[in-house]
2 protein chains.
Amino acid sequence: MSTPPLRRKRATVHDVAVEAGVSRGTVSRVVNGERYVSEEARVAIEAAIVKVGYVPNNAARNLVMQRTQAIGFIVHEPHSLFLEDPNIGEILLGANTALSDADYQMACLIVDSERDTDRVARYLSGGFVDGVIIVSARQNDPITKVVERLEIPAAFVGHPPDLARAPFVGIDNRGSARSITERLLGTGRRRVGMIAAALDRDSGADRLAGFTDALGARFDPALVERVPLYSYAAGRAGMHALLERAPDIDGIFAASDAVAAGVLDALREAGRSVPTDVGVVGFDDSAWAVRAQPALSTVHQPAEGLGRAVAESVLSQLRGEDQPAGGILLETPIVWRDSA
Amino acid sequence: MSTPPLRRKRATVHDVAVEAGVSRGTVSRVVNGERYVSEEARVAIEAAIVKVGYVPNNAARNLVMQRTQAIGFIVHEPHSLFLEDPNIGEILLGANTALSDADYQMACLIVDSERDTDRVARYLSGGFVDGVIIVSARQNDPITKVVERLEIPAAFVGHPPDLARAPFVGIDNRGSARSITERLLGTGRRRVGMIAAALDRDSGADRLAGFTDALGARFDPALVERVPLYSYAAGRAGMHALLERAPDIDGIFAASDAVAAGVLDALREAGRSVPTDVGVVGFDDSAWAVRAQPALSTVHQPAEGLGRAVAESVLSQLRGEDQPAGGILLETPIVWRDSA
DNA sequence: GATTAGTCTGTGCACGTTCACAGAAAATGC
DNA sequence: GCATTTTCTGTGAACGTGCACAGACTAATC
């Protein structure tokens, strides 16, 4: 015997109106904070609202306003990396708080396989969201194409290289990479290499460019090892490969903290001590950094702030405001710990 | 100059009806898969749907059906732990896939401060969700009280001790803890202790109980160190304290992998080698486990499966189906690696 | 042939809100 | 005192769907 839902029916704007002795229109005006309502009516309505316990019905409001009050949060990453990379979690958290403060829902869409691409494309075309946040877009990303074609308000975390003027928030990956590499060079290292990761993404490519900038004439391409992902495993394997090729290396810029954690373990396995034999710096200032042995010197990435900012950007577009050209870059202080 | 939204209007059920030469009612019937519609009408309507690109309007449907098609996902944890604990992320992922397969939205609600409690309580009372998933309920949790009072369909991950017969999914924490402790004892350890965490939660208390079960008469309360959270930092501090008290300890059951990672580092700092001097086992089989040095022996927690199952439970309640009494327990195989 | 049961279809109403409009009352200008 | 503006309020029409109902047609039964 299944219990009937038993949800006592909610108060409507009409109930408030009769309680306050006014019309629906006036109630609507005070609920939405519009002008042209007398002080007398306002207090009566406000009292009536608390008395009958009125809460606006979103479905009705959305129906007449032709909107959904939901924002898609699209992550184009394998499931496993979504979990391993703490940045994404923090970005999600920041975006979620900003969105819920503005009474928006967040719909998480994780794109892993081809099948997911179709599913998300269909979802987007279905008009289930008013806008989208896109977290790790690749070059020639099919999802990005769908968003572009549908002309949905969108904002990116990181700069998608093939989208001319899409609003984005990000950090100065290149400048930050240059700064921390310079700082690493300042500790007196002579053979400094890099584990470069995710070069198909703007962040990965920019971090490598910043590294090259810092080294200038001293740059030696043989000291750069390229790995596909920002992951612990990739960092460990990459470092082993690099040590094979250049045993005299004494400094490493790892493209992320997860990569750096792999680097540290590879160095330990090879019998090198950090920072005495080799100095290591990372990027992100994630949980990996403090947990590593020794604690990582790294670039602080304001992930939660990025999430909040990217959400604000979409919200601002929805309000029809002008967008700052060229996107927003957040500050990235260097955090110096023990690994270099 | 703000661009006007320019969203070309979507096709409605009425557009499909005129295209197929039938009435709205018939279109509605085929869209919802009801009986009593001729084969002829069905094919005409299906063709018309793809031709005009019809997608049902959720807001209108929700309005008339008196529902929201959204499920709240409530996490009662500090923000930091939400990120550090990989289980929660995986549960979220599993729940999200199950929910979106059923065309439900997921609304993430993270409760950290007192202020959040009020916000979420108000959100729940507002009727913005049809049901809720509750992830880490404490005893006497105010959020749980609100859910109970509102009589919203709910399902828990883990068993809230003060709710008599609330549907839940979980694992047999006590049995699993007993099994892995027995296995640890089987490696010939004589002084086996535990870093017990989060005793205000059912999982924490049950893991300690399982440990006690396994030791039986050999149980020594002095070998149990209690720490507040399932965190790396707590594990490290707890292990240092325990070593102070019992330097002859040769086996440790850590209440979670994150705790175990802290234990490993504390043991390294104290100059003990694992597993030679001390055997260590964890709980969760999270990313921490494989990343640890040495890799952790641990209990595999099917986190993504828990998320999927808890979502299915709420969905099933929404369909008005009978609930299995006593909740659902998922399997937890032991994964034996190098740390013991 | 009349009655009944079963299948199929169209119409009007309801869901709860916002918005445009009309009109009343009050304030302001000459 | 009349015209004009400003402030305030109520009314009806949407928005797009599901559902109850009525009616039409077919097939089976008496």
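Note on naming: letters A, B, ... go to the chains in the order of the sequence lines (proteins, then strands), and numbering restarts at 1 for each one.
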Quick one: does any side-chain atom of [X] pair with a main-chain N or O of [Y] as donor and acceptor, under 3.5 Å?
{"X": "E46(B)", "Y": "A44(B)", "result": "no"}
{"X": "E19(A)", "Y": "I49(A)", "result": "no"}
{"X": "D130(A)", "Y": "Q69(A)", "result": "yes"}
{"X": "R10(A)", "Y": "P56(A)", "result": "yes"}

Closest non-hydrogen atom pair between A59(A) and L63(B), with its separation: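 So the two residues come closest at CB-N, 3.8 Å.
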Where V129(A) and L124(A) come nearest, the two heavy atoms and their spacing:
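Closest heavy-atom pair between V129(A) and L124(A): CG2-CD1, 4.1 Å.
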Quickly work out the [X] [atom1] to [N] [atom2] distance and round it to whole Å.
{"X": "R42(A)", "N": "dC8(D)", "atom1": "CZ", "atom2": "P", "result": "9 Å"}
{"X": "M65(B)", "N": "dC19(D)", "atom1": "CE", "atom2": "C1'", "result": "10 Å"}
{"X": "Q66(B)", "N": "dC19(D)", "atom1": "CD", "atom2": "C1'", "result": "12 Å"}
{"X": "R61(A)", "N": "dT17(D)", "atom1": "CZ", "atom2": "C1'", "result": "20 Å"}
{"X": "I45(B)", "N": "dT17(D)", "atom1": "CD1", "atom2": "C1'", "result": "15 Å"}

**OP:** Would you mind classifying the nucleic acid contact of A59(A) as base, sugar-phosphate or nothing, using non-hydrogen atoms under 4.0 angstrom?
**Re:**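 Here A59(A) touches no strand at all.
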| request: Output the residues of residues 32-39 of chain A in contact with DNA chain C, where contact means a heavy atom of the residue under 4.0 Å from an atom of the strand; sort by number or write none. | output: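 Contacts with DNA chain C under 4.0 Å: N32(A), E34(A).
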(Q) Can you list, in residue-number order, the parts of residues 13-28 of chain B that come under 4.0 Å of DNA chain C, counting heavy atoms only? (A)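 Heavy-atom cutoff 4.0 Å gives V22(B), S23(B), R24(B), G25(B), T26(B).
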TODO: Please state whether the base of dG18(D) and the side chain of R29(B) form at least one donor-acceptor pair under 3.5 Å?
DONE: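 Answer no: no donor N or O sits under 3.5 Å from an acceptor.
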Measure the spacing between CG of N58(A) and OG1 of T68(B) and express it to the nearest 0.5 Å.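 One finds 9.0 Å between CG of N58(A) and OG1 of T68(B).
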side-chain contact (heavy atoms from CB on, under 4.5 Å) against V64(A), all qualifying residues, sequence neighbours excluded: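 If we apply the side-chain contact (heavy atoms from CB on, under 4.5 Å) test to V64(A), skipping adjacent residues, there are no hits.
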**Request:** Heavy atoms of chain A, cut-off under 4.0 Å: which first and last nucleotide of DNA chain C, 5' to 3', fall inside that, if you could look?
**Result:**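 Range of nucleotides within reach of chain A: dG16(C) to dC19(C).
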**Prompt:** Counting heavy atoms not belonging to E34(B), are there more than 12 under 6.0 Å from its CD?
**Reply:**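 Count over threshold, so yes.
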Hey, can you pull the donor-acceptor pairs under 3.5 Å for the side chains in residues 95-106 of chain B, sequence neighbours left out?
{"residue": "N96(B)", "atom": "ND2", "partner": "C108(A)", "partner atom": "O", "Å": "3.2"}
{"residue": "T97(B)", "atom": "OG1", "partner": "L93(B)", "partner atom": "O", "Å": "3.4"}
{"residue": "T97(B)", "atom": "OG1", "partner": "G94(B)", "partner atom": "O", "Å": "2.8"}
{"residue": "S100(B)", "atom": "OG", "partner": "N96(B)", "partner atom": "O", "Å": "3.1"}
{"residue": "S100(B)", "atom": "OG", "partner": "T97(B)", "partner atom": "O", "Å": "3.3"}
{"residue": "Q105(B)", "atom": "NE2", "partner": "Y123(A)", "partner atom": "OH", "Å": "2.6"}

Requested in this report: Using salt bridge (Lys or Arg N to Asp or Glu O under 4.0 Å) as the criterion, list what pairs up with E312(A), not counting sequence neighbours.
Outcome: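 Applying salt bridge (Lys or Arg N to Asp or Glu O under 4.0 Å) to E312(A) gives none.
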